[in-house]
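Heads up: the structure comes next, in structure tokens.
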Amino acid sequence: MPQATAAPPEPAPSPAAPRPVRGPARRGGSEFSPLLRTVREQGLLERRTGWYALGIAANLAGLAAVGAALAVFGGSAWSLLLAVPLAVLSARTAFVAHDAGHAQITARRRTDHLLQLLHANLLLGMSQEWWNDKHNRHHAHPNHVDKDPDVAPDVLVFDRQQAAGRTGPRAWLTRHQAWLFFPLTTLEGIALKVYGFQALFSADGPRRTRGERAVEGGLLLAHVAGYTALLLATMPPGRALLFALLHQMLLGLHLGLAFAPNHKGMAVPGDDERWGHLRRQVLTSRNIRGSALTDWLLGGLNYQIEHHLFPSMPRPHLRLAQPLVRAHCRSLGIPYAETGAFDSYRQALGHLHAVGEPLREA
């Protein structure tokens with residue numbers, strides 16, 4: 001693999017941005033600079049606040065409509081079907097929280113901070129600071145087995161070295177993880193809440209002032225209280241529990257479909273790699289080809305390469321930046337991974353299957 005000198009990340013967002021999730025902060029080199037200059041000149045790093053305002057308003061209206069429908073139809077078992085649109089709208093909420101964490105929405109720190117608190121903590125029950133801390137490290141070291149928390153060994157493992165030595169139930173999970181991946185993603189909606197609460201009260205979590213902890217904790221508790229009150233006020237307890245399980249499982253599956261194909265099976269950089277920003281982000285990421293519906297369902301994360309190169313680029317500009325990035329990579333001879341949705345899942349699951357092969361052979 002040709003080596004590149006260290007290249008700078010995209011320009012830092014405005015100083016008013018709220019602790020943005022961004023890529024690595026190395027400077028120097030030239031592979032990324034011409035692309036950055038072109039993207040800047042075309043205005044693709046400028047905010048699209050109006051676009052986001054319309055999307056947020058529509059999503060909040062949808063959530064309110066589902067709440068009203070629960071009040072009307074909660075006495076019927078058919079109300080369980082409302083878990084489907086609520087899961088889809090909850091995923092939109094997660095995508096807005098993600099974009100606000102990247103400072104994509106506005107250039108005002110307080111505004112983006114409040115938007116992320118509203119969508120992550122209050123509406124989803126997910127800790128803003130826990131997510132930002134984890135996601136910053138992912139963007140800085142994508143697919144690095146020791147530095148990227150998204151590929152750290154847990155229930156699933158993403159590297160054969162991580163699989164070595166696993167015994168008992170964990171070994172069984174690793175042997176069959178390709179088949180278990182999507183069933184396990186149904187737990188992701190609940191896991192996001194659990195991890196957030198754990199980080200809030202953990203000494204190892206992100207550093208916060210007492211005031212920040214109080215705000216975050218208060219909003220997380222308000223989410224749990226409001227969600228519980230809504231379901232218990234509109235349907236019997238047993239059906240409320242079933243509805244909550246369906247909603248959270250469908251939300252986890254939806255988020256899993258958005259995140260699963262982005263990096264699994266792509267290049268894994270080692271400590272001795274000297275890739276610059278361009279190669280680090282392009283070689284470890286995979287795009288999903290599709291239509292405007294694909295963009296909507298996957299929250300723009302189907303443009304994973306562009307998103308990693310320009311984390312603060314507004315979501316509607318990712319599609320516009322794609323031809324520029326693809327052409328620039330072609331001129332440098334850098335592979336640009338893009339495939340259809342089903343093939344992306346096939347590749348990701350194939351990688352998970354290959355990681356578990358040594359344990360199956362043993």
Side-chain angles (χ1 to χ4, degrees), residues 1-13 20-40 42 44-45 98-99 101-104 132 134-151 158 258-289 298-315 317-339 344 347-348 351:
M1 180 77 63
Q3 301 298 307
T5 55
E10 67 161 316
V21 176
R22 52 180 176 264
R26 297 174 62 188
R27 297 191 175 278
S30 61
E31 281 191 325
F32 182 60
S33 298
L35 176 62
L36 172 59
R37 184 165 52 250
T38 301
V39 166
R40 263 180 175 168
Q42 297 200 13
L44 298 180
L45 295 178
H98 168 269
D99 291 2
H102 279 293
Q104 294 177 14
N132 283 357
K134 172 179 175 288
H135 207 54
N136 270 325
R137 289 182 284 132
H138 161 67
H139 268 261
H141 305 284
N143 262 19
H144 194 293
V145 294
D146 296 321
K147 299 177 181 178
D148 182 356
D150 285 359
V151 295
F158 305 96
F259 289 112
N262 297 342
H263 301 281
K264 293 171 182 62
M266 298 304 296
V268 178
D271 290 330
D272 59 341
E273 295 291 356
R274 300 295 299 168
W275 294 343
H277 179 61
L278 182 74
R279 291 176 186 267
R280 184 186 300 113
Q281 306 300 342
V282 172
L283 296 176
T284 59
S285 303
R286 178 192 294 113
N287 277 14
I288 298 178
R289 189 182 302 112
L298 301 185
L301 297 178
N302 46 314
Y303 301 105
Q304 191 68 194
I305 294 174
E306 288 71 29
H307 171 57
H308 263 253
L309 286 172
F310 305 100
S312 66
M313 179 179 287
R315 196 191 312 172
H317 289 173
L318 295 172
R319 173 183 284 270
L320 303 178
Q322 185 184 38
L324 304 175
V325 175
R326 187 193 290 117
H328 186 66
C329 289
R330 186 185 302 119
S331 70
L332 295 172
I334 298 175
Y336 181 97
E338 183 181 28
T339 187
S344 72
Q347 291 183 35
H351 173 70

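The NE2 atom of H307 sits 10.0 Å away from the OG atom of S312 when rounded to the nearest 0.5 Å. Interatomic distance, NE2 of H277 versus CZ of R280, reported as 8.0 Å (0.5 Å rounding). Rounded to the nearest 0.5 angstrom, D150 CG and K134 NZ are separated by 3.5 Å. Between the CD1 atom in I305 and the CD atom in Q322 there is a gap of 8.0 Å [rounded to 0.5 Å]. Taking CD of Q347 as the start and OG1 of T339 as the end, the distance is 5.0 Å to the nearest 0.5 Å.
With Y303 as the partner, the side chain to side chain donor-acceptor pair (under 3.5 Å) test is satisfied by one option alone out of E338, R319, H308, H317: R319. The side-chain contact (heavy atoms from CB on, under 4.5 Å) with P142 is formed by just one residue from the set L283, N262, V268, T284; it is T284.
Contact record, L298 with A258: CD2-CA, 3.8 Å, taken as the closest heavy-atom pair. The shortest heavy-atom contact between M313 and L44 is CG-O, 3.3 Å. Taking both residues in full, the closest heavy atoms of V151 and H144 are given as CG2-O, 3.5 Å, listed atom of the first, atom of the second, then distance. For the pair Q104 and P314, the tightest heavy-atom approach, listed with the atom from each and the gap, is O-CG, 3.9 Å. Summarising the geometry of S344 relative to I288, their closest heavy-atom pair is OG-CD1, 3.7 Å, with the distance given to 0.1 Å.
Note: H263 and H351 fail the aromatic proximity criterion, with ring centroids not under 6.0 Å apart.
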Evaluation steps, side-chain contact (heavy atoms from CB on, under 4.5 Å), between F259 and L301: CA-CA 7 Å; F259 289 112; L301 297 178; 3.5 Å; yes
W275 vs E31, side-chain contact (heavy atoms from CB on, under 4.5 Å): CA-CA, chis, key distance, verdict: CA-CA 10 Å; W275 294 343; E31 281 191 325; over 6 Å; no
Evaluation steps, side-chain contact (heavy atoms from CB on, under 4.5 Å), between K264 and F158: CA-CA 7 Å; K264 293 171 182 62; F158 305 96; 3.3 Å; yes
H138 and D148: CA distance, side-chain angles, deciding distance, side chain to side chain donor-acceptor pair (under 3.5 Å) verdict: CA-CA 5 Å; H138 161 67; D148 182 356; 3.0 Å; yes
Full working for salt bridge (charged side-chain N to carboxylate O under 4.0 Å, His left out) between E273 and R279: CA-CA 10 Å; E273 295 291 356; R279 291 176 186 267; over 6 Å; no
Worked check of side-chain contact (heavy atoms from CB on, under 4.5 Å) between L35 and F310: CA-CA 11 Å; L35 176 62; F310 305 100; 3.9 Å; yes
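Within the 3.5 Å criterion, the main-chain N or O of P261 finds a donor-acceptor partner in the side chain of R286. Side chain of N287 to backbone of Q304: a donor-acceptor contact under 3.5 angstrom is found. A donor-acceptor distance shorter than 3.5 angstrom exists from the side chain of Q281 to the backbone of H139, with no hydrogens or angles considered.
Between H102 and H135, the ring planes are perpendicular. Angles over 60° get that label, and only those under 30° would be called parallel.
Residues H328 and L278 form a side-chain contact, since some pair of their non-hydrogen atoms from C-beta on lies under 4.5 Å apart.
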